[in-house]
Amino acid sequence: MKNAAMIDRYSWWEILLIYLGVLVFLTFVLAPFVEGFLVSLKPLSQLFSSPYRFWPENGSFEAYRTMWISVPGLGAISSTHSSSRLSSP
Amino acid sequence: MNVQRSNLIFAWILLLPAVLYVAVIVAYPLVDTFILSFTDASLRKVTNWVGWANYEKIFNATFADVIVRTFIWTFFSVSLKMIIGTFGASLLNSAVPGRSLFRLLTMPPWVVPMAIGIFMWGWMYNGQFGMISGMLQRIGFVDGPVAFLAYGNTAFWATIITDVWIGVPMVTIYFLAAIQSIPKDLYEAAWTDGAGRFYRFRRITLPLMVPSIITMSMLSLIATFNSFDIIWILTQGGPSGQTTTMIIDTYQTAIGSKKYGEGAARAVLICIFLSAFCFAYFRVTRRLNPEKRA
């Protein structure tokens, strides 16, 4: 007997198809962000290296540290923090 | 002074700020551009009235190509947005675990500032270190590196795809809302009669989505037709003008070459096209919701 809750029940291949479709859709939507994040982990020498690598080799969060120190607005905050921490005994 | 007359004056005083605002912000630049389009205004001190010469110059030059290209660009961009939006909305509507996460993950292109998204695409399109060229080489689809923005044909499609990427989240969420507003009993009735999932989508979901699709494509048409930043950041209308749309050409003429008169003539043409689209939009939406007619 059919009951109303069963309308939303999927067979296994329907679920597979839906997840595949979502995967394709989200790949298109998120690809630039993934690429942006992976590039942010790459050391400078790999940024413009010619055979393309997807995964960064010797990847690190160094770029974020550099940004935190060198960007004027952020740097002011972090330097006052670190200096006050250093000066306190 | 009778009561009616003083009421009228009071109404005008209340209207005055809005009228002034529209006059200064909208009406004045519009009229000024229109007047400017009949002159040869430039950085020179003397400005002459040249009549229709600017418009004749436009149609003698390559501008006809530019108009055609703009329409092709807009057509493909809008239809791809609609197709991918429908596809995405029906996927995000299916009751599988994790769908609220998927809905959330659809939003970033809309949330991120447009220029940043475009720069990320510019990075991906790069031939030497870009993701797309690299991936295509790895799966053996192309032999050497492909600089997508360096050839007219690929640059044209690259700008379209970036525009689609920016437009898709809004279209998807709008269509998702449209799908969710379809009464559930329709599906249940069809299901009881033995209609399959695809049949229900084709005979219930799609027909009831049509008003939203038409409304959204008209809105998207207006926004896409004068989309400037994507093409300007990616290619600046290049390679050899292969991605120059009307708005890019207007900018290059008016601001790049400082030919204000000729630029204004192009702007007037764009304005005419956009007014036609807006008119069509209002006609269509009014026909789609007749009960809301004021």
Side-chain angles (χ1 to χ4, degrees), chain A residues 1-64 66-68 71 73-74, chain B residues 84-85 87-99 101-103 105-110 112 116-138 144-145 161-162 164-166 168-169 172 184-185 187-188 190-192 194 196-198 200:
Chain A
M1 212 36 225
K2 288 177 166 188
N3 80 56
M6 276 168 63
I7 192 171
D8 274 338
R9 196 158 297 166
Y10 298 95
S11 58
W12 65 270
W13 61 270
E14 277 173 330
I15 292 187
L16 194 72
L17 268 184
I18 289 170
Y19 276 116
L20 263 178
V22 168
L23 184 74
V24 172
F25 180 70
L26 286 184
T27 306
F28 172 61
V29 169
L30 296 179
F33 296 99
V34 173
E35 168 80 342
F37 177 67
L38 290 177
V39 164
S40 80
L41 299 183
K42 287 180 183 173
L44 265 182
S45 57
Q46 276 178 38
L47 276 192
F48 305 101
S49 70
S50 193
Y52 172 77
R53 304 207 146 85
F54 184 69
W55 295 108
E57 209 168 284
N58 313 320
S60 68
F61 287 91
E62 184 63 26
Y64 290 89
T66 316
M67 172 188 80
W68 194 251
V71 173
L74 293 173
Chain B
I84 297 179
F87 176 72
S90 42
L91 281 175
L92 295 182
N93 188 51
S94 39
V96 292
R99 71 168 169 179
L101 177 71
F102 300 149
R103 284 177 189 174
L105 287 177
T106 315
M107 301 304 289
W110 195 10
V112 146
I116 293 177
I118 301 166
F119 271 116
M120 290 195 290
W121 274 99
W123 189 273
M124 284 167 67
Y125 287 137
N126 190 293
Q128 299 302 315
F129 43 86
M131 182 190 205
I132 300 175
S133 164
M135 285 304 192
L136 287 182
Q137 278 179 74
R138 184 163 305 179
I161 287 173
T162 308
V164 169
W165 179 78
I166 286 176
V168 147
T172 306
K184 290 277 173 294
D185 7 344
Y187 291 105
E188 276 161 21
W191 177 68
T192 319
R197 203 171 292 281
F198 183 71
R200 272 178 282 160

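Below, read A as the first sequence line, B as the second, and so on, with proteins coming before strands; counting in each chain starts at 1. Please read these numbers as outputs of a predicted model, since none were measured by experiment.
- Within the 4.5 angstrom heavy-atom criterion, atoms from both the backbone and the side chain of B/M135 approach chain A.
- With a 4.5 angstrom heavy-atom cutoff, B/F87 touches chain A only via side-chain atoms.
- Residue B/V96 touches chain A through both its backbone and its side chain, counting heavy-atom pairs closer than 4.5 Å.
- For B/W165, the side chain to side chain contact (heavy atoms under 4.5 Å, CB included) test picks out A/F28, A/P32, A/F33, B/P109, B/W121, with sequence neighbours left out.
- Between B/L105 and A/V29, every side-chain heavy-atom pair lies at or beyond the 4.5 Å cut-off.
- If you tally non-hydrogen atom pairs under 4.5 Å between each of A/I15, A/L17, A/L30 and chain B, the highest count goes to A/L30.
- Contact of A/V24 with chain B is not made at all, since no heavy-atom distance falls under 4.5 Å.
- Using a 4.5 Å cut-off between heavy atoms, B/R99 does not touch chain A at all.
- Nearest heavy-atom pair, B/M124 versus A/A31, reported as atom, atom and distance to 0.1 Å: CE-CB, 4.0 Å.
- Heavy-atom distances place no part of B/I132 under 4.5 Å from chain A, backbone and side chain included.
- In this view, B/W123 and A/F48, B/F129 satisfy the ring pair (Phe, Tyr, Trp, His ring centres under 6.0 Å) rule, not counting sequence neighbours.
- In this structure, the portions of B/P97 lying under 4.5 Å from any heavy atom of chain A include both its backbone and its side chain.
- Interface remark: A/I18 contributes backbone and side-chain atoms alike to the contact with chain B (heavy atom separation under 4.5 Å).
- Only the side chain of B/T172 comes within contact range of chain A, with heavy atoms under 4.5 Å apart.
- Heavy atoms of B/I116 lying under 4.5 Å from chain A are absent altogether.
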